[in-house]
Amino acid sequence: MPELPDVELYRRYFEAHATGREIAAVSVPDTRILDGTTPQALGRRAAGRRFDGTLRRGKHLLARLGADGWVAFHFGMTGTLEWFEDAAGEPEHTCVLFDFADGSHLAIVSVRMLGRVGVADDAEAFFEDRHLGPDALDPDFGRAAFCKALAGRKGTIKSALTDQSLIAGIGNIYSDEILFQARVHPRATPAALGEAALAELYDSMREVLLTAVECGAGSEQFLDRLPKDYLLPHRAESERCPRCGGEIAHATIAGRSSYFCPNCQKADR
DNA sequence: AGCGATGTTCGCCG
DNA sequence: TCGGCGAACATCGC
């Protein structure tokens, strides 16, 4: 699940449960998730300190340890955060575990091991190292910057939207929803779309991501809460378009499984 | 049993 | 140089 809306909700969850608690110890039941650090280094950096703020850019969540830098989380395809009070509540597949001094815990859970946990001294440098573009919801990333970022691209609009070095935060699921809402075919090219359609696509991008956060992306009731004309609940084989009733098409585009409505979504608008 | 899955990265190719 | 593509990573569920 973790694309921008999911990670934004993880960030809020982290703020609600982990921020402010004194960290007594850090353990790493599965070190494969560590990226550029060791259990010892992570423990030295965090033990005895408190998380005092969070920062999200795209799908990366960073948690600040005062002047001692950051712990960086990336959730891959299946990673989650889980805070719990009773030690017996430790989830399966816990890779990193923060034990707080008050007896509660925060688990970083990753079933498929595609997530990453690292440390950083400087957040901006961390993002630069990863060639991460501006966050899709960054207020400073406006229509003009969006159009400029996409305009020169030769490939499909879908590959551009999901390129984290161009715009950070959009993955396979939300690129499909954004294109559906903008009525743009995933194989359209930025050049064929032109400035006006790209500007509309920008509006759809913001609207979709903000709506997904508001509706509680990833929660059980999420699909029911979404507006009636959203593709997400119908993003499957032989489903019907919530707008025109036509059959949803499935194709591999930009190397990813893509769902769209061939009737509503056009390559040149 | 086999295939595909919300992500990222790398090598190969046009 | 750019972009598409497939594989790899690891595991689960249909």
Side-chain angles (χ1 to χ4, degrees), chain A residues 1-11 28-36 56-61 72-81 91-96 108-118 126-133 135-136 149-180 185-192 205 208-209 211-213 215-220 222-223 226 230-239 248 250-260:
Chain A
M1 273 169 244
E3 297 184 31
L4 186 153
D6 312 271
V7 180
E8 174 58 21
L9 292 167
Y10 290 179
R11 190 190 70 74
V28 186
D30 194 331
T31 57
R32 291 176 298 174
I33 200 164
L34 295 184
D35 184 16
R56 184 192 56 72
R57 179 133 145 208
K59 305 169 190 172
H60 293 265
L61 172 62
F73 304 97
H74 190 284
F75 299 97
M77 289 211 282
T78 59
T80 54
L81 294 176
E92 290 278 302
H93 309 296
T94 295
C95 296
V96 177
I108 312 307
V109 180
S110 182
V111 176
R112 290 173 210 168
M113 293 311 304
L114 297 176
R116 291 287 174 264
V117 174
F126 177 86
F127 295 138
E128 257 181 50
D129 286 348
R130 279 152 190 78
H131 308 291
L132 206 62
D135 184 77
L150 299 197
R153 292 278 295 202
K154 293 275 190 268
T156 63
I157 192 70
K158 167 126 178 170
S159 75
L161 280 178
T162 53
D163 185 334
Q164 305 301 301
S165 69
L166 252 39
I167 309 162
I170 301 166
N172 198 32
I173 294 276
Y174 286 100
S175 62
D176 277 4
E177 187 65 61
I178 291 163
L179 291 166
F180 179 79
H185 194 288
R187 274 197 234 273
T189 62
M205 172 185 78
V208 165
L209 297 174
T211 298
V213 172
C215 294
S219 73
E220 267 182 42
F222 176 50
L223 294 183
L226 283 173
Y230 265 48
L231 172 67
L232 242 68
H234 311 281
R235 195 180 172 281
E237 299 282 359
S238 71
E239 280 278 339
I248 293 296
H250 176 237
T252 298
I253 300 168
R256 307 305 306 274
S257 195
S258 306
Y259 294 85
F260 57 99

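Per chain, numbering begins at 1; letters A, B, ... match sequence-line order.
Distance, R256(A) CZ to dG7(B) C1': 6 Å, rounded to whole Å. Atom CZ of F75(A) is separated from atom C1' of dA10(C) by 18 Å (rounded to the nearest Å). Straight-line distance from the CZ atom of R235(A) to the P atom of dG4(B): 14 Å, rounded to whole Å. The interatomic distance linking L4(A) (CG) with dT8(B) (P) rounds to 12 Å, in whole Å. One atom, CG of D30(A), and another, P of dC9(C), lie 16 Å apart when rounded to the nearest Å. One interatomic measurement links the two molecules: CG of L114(A) to P of dC10(B), which rounds to 15 Å at whole-angstrom precision. Computed from coordinates, the E3(A) CD to dA5(B) C1' distance equals 12 Å when rounded to whole Å. In this structure, H60(A) places its NE2 atom 12 Å from P of dG7(B), rounding to the nearest Å.
Between the side chain of R57(A) and the main chain of L132(A), a donor-acceptor pair closer than 3.5 Å is present.
Here H74(A) reaches the OP1 or OP2 of dT8(B): one of its side-chain N or O atoms lies under 4.0 Å away. Considering only side-chain N and O atoms, R130(A) lies nowhere under 4.0 angstrom from the phosphate OP1 or OP2 of dT8(B). The shortest distance between the side-chain N/O atoms of T156(A) and the OP1/OP2 oxygens of dG3(C) is not below 4.0 Å. Residue R32(A) places at least one side-chain N or O closer than 4.0 Å to OP1 or OP2 of dT11(C). The phosphate of dA10(C) has neither OP1 nor OP2 within less than 4.0 Å of any side-chain N or O from S110(A).
For the atom pair CD1 (I253(A)) and OG (S258(A)), the distance works out to 4.0 Å, reported to the nearest 0.5 Å.
Considering only side-chain atoms of K59(A), the nucleotide from dT8(B), dG4(C), dT11(C) that sits closest is dT8(B). Considering only side-chain atoms of Q164(A), the nucleotide from dC12(C), dT8(B), dA5(B) that sits closest is dT8(B). Closest approach to the K154(A) side chain among dG7(B), dC12(C), dG3(C) is made by dG3(C) (side chain taken as heavy atoms from C-beta onward).
The residue S159(A) sits close only to the backbone: its heavy atoms come under 4.0 Å of sugar-phosphate atoms, none of a base.
Each of T252(A) and R153(A) has a nearest nucleotide on DNA chain C; the 5'-most of these lies closest to R153(A).
No side-chain heavy atom of T162(A) sits under 4.5 Å from any side-chain heavy atom of N172(A).
dG6(C) and dC3(B): their C1' atoms are spaced 16 Å apart (whole Å).
Ring pair Y174(A)/F222(A) is tilted by interplanar angle, where 30° to 60° counts as tilted.
Across the strands present, dA10(C) finds no partner; the criterion is a Watson-Crick or G-U wobble pair with both atom distances under 3.5 angstrom.
In plain terms, the two heavy atoms of A254(A) and S159(A) that are nearest each other are CB-CB, 3.6 Å.
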